[in-house]
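Predicted model, so just to flag it, every value in this text is computed and none were measured. Note that these values count all heavy atoms, side chains included, but never hydrogens, waters or copies made by symmetry.
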Amino acid sequence: MVKSAFIFPGQGSQYVGMGKDLYEGSTAAKALFHKADEILGFSLSKICFEGPEEVLNRRTIHNRHFFT
């Protein structure tokens with residue numbers, strides 16, 4: 001069995017579009033983003049993939065993005 005891990009540099013390194021390739025290429029990642037959107041009550045995926053950067057960089061947003 002092949003094991004994979006994804007490592008991201010951390011706070012302050014987020015950018016608009018981060019995670020979109022993973023979302024588009026993985027059914028599991030897509031489901032996780034949709035679940036996060038549902039639980040949070042707003043479209044975290046849209047903020048991550050489309051911005052604006054000012055919103056993505058808010059601590060209340062980017063902490064959730066890294067968790068997802």
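Gly51 approaches Val16 most closely through the heavy-atom pair N-CG1, 3.6 Å. Of all the heavy atoms in Asp37 and Ser45, the pair that sits closest is OD2-OG, 2.6 Å. Pairing each heavy atom of Ala29 with each of Leu22, the nearest pair is CB-O, 3.7 Å.
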Side chain to side chain contact (heavy atoms under 4.5 Å, CB included) for His34 and Lys30? Distances and angles first, verdict last. CA-CA 6 Å; His34 286 288; Lys30 187 175 283 190; 3.4 Å; yes

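The line from CZ of Arg58 to CD of Gln14 is 13.0 Å long, rounded to the nearest 0.5 Å.
Note: Tyr23 and Phe33 have perpendicular aromatic rings, judged against thresholds of 30 and 60 degrees for the angle between ring planes.
Under the 4.5 Å side-chain heavy-atom criterion for ILVMFWY residues, no single connected hydrophobic cluster contains both Ile39 and Leu32.
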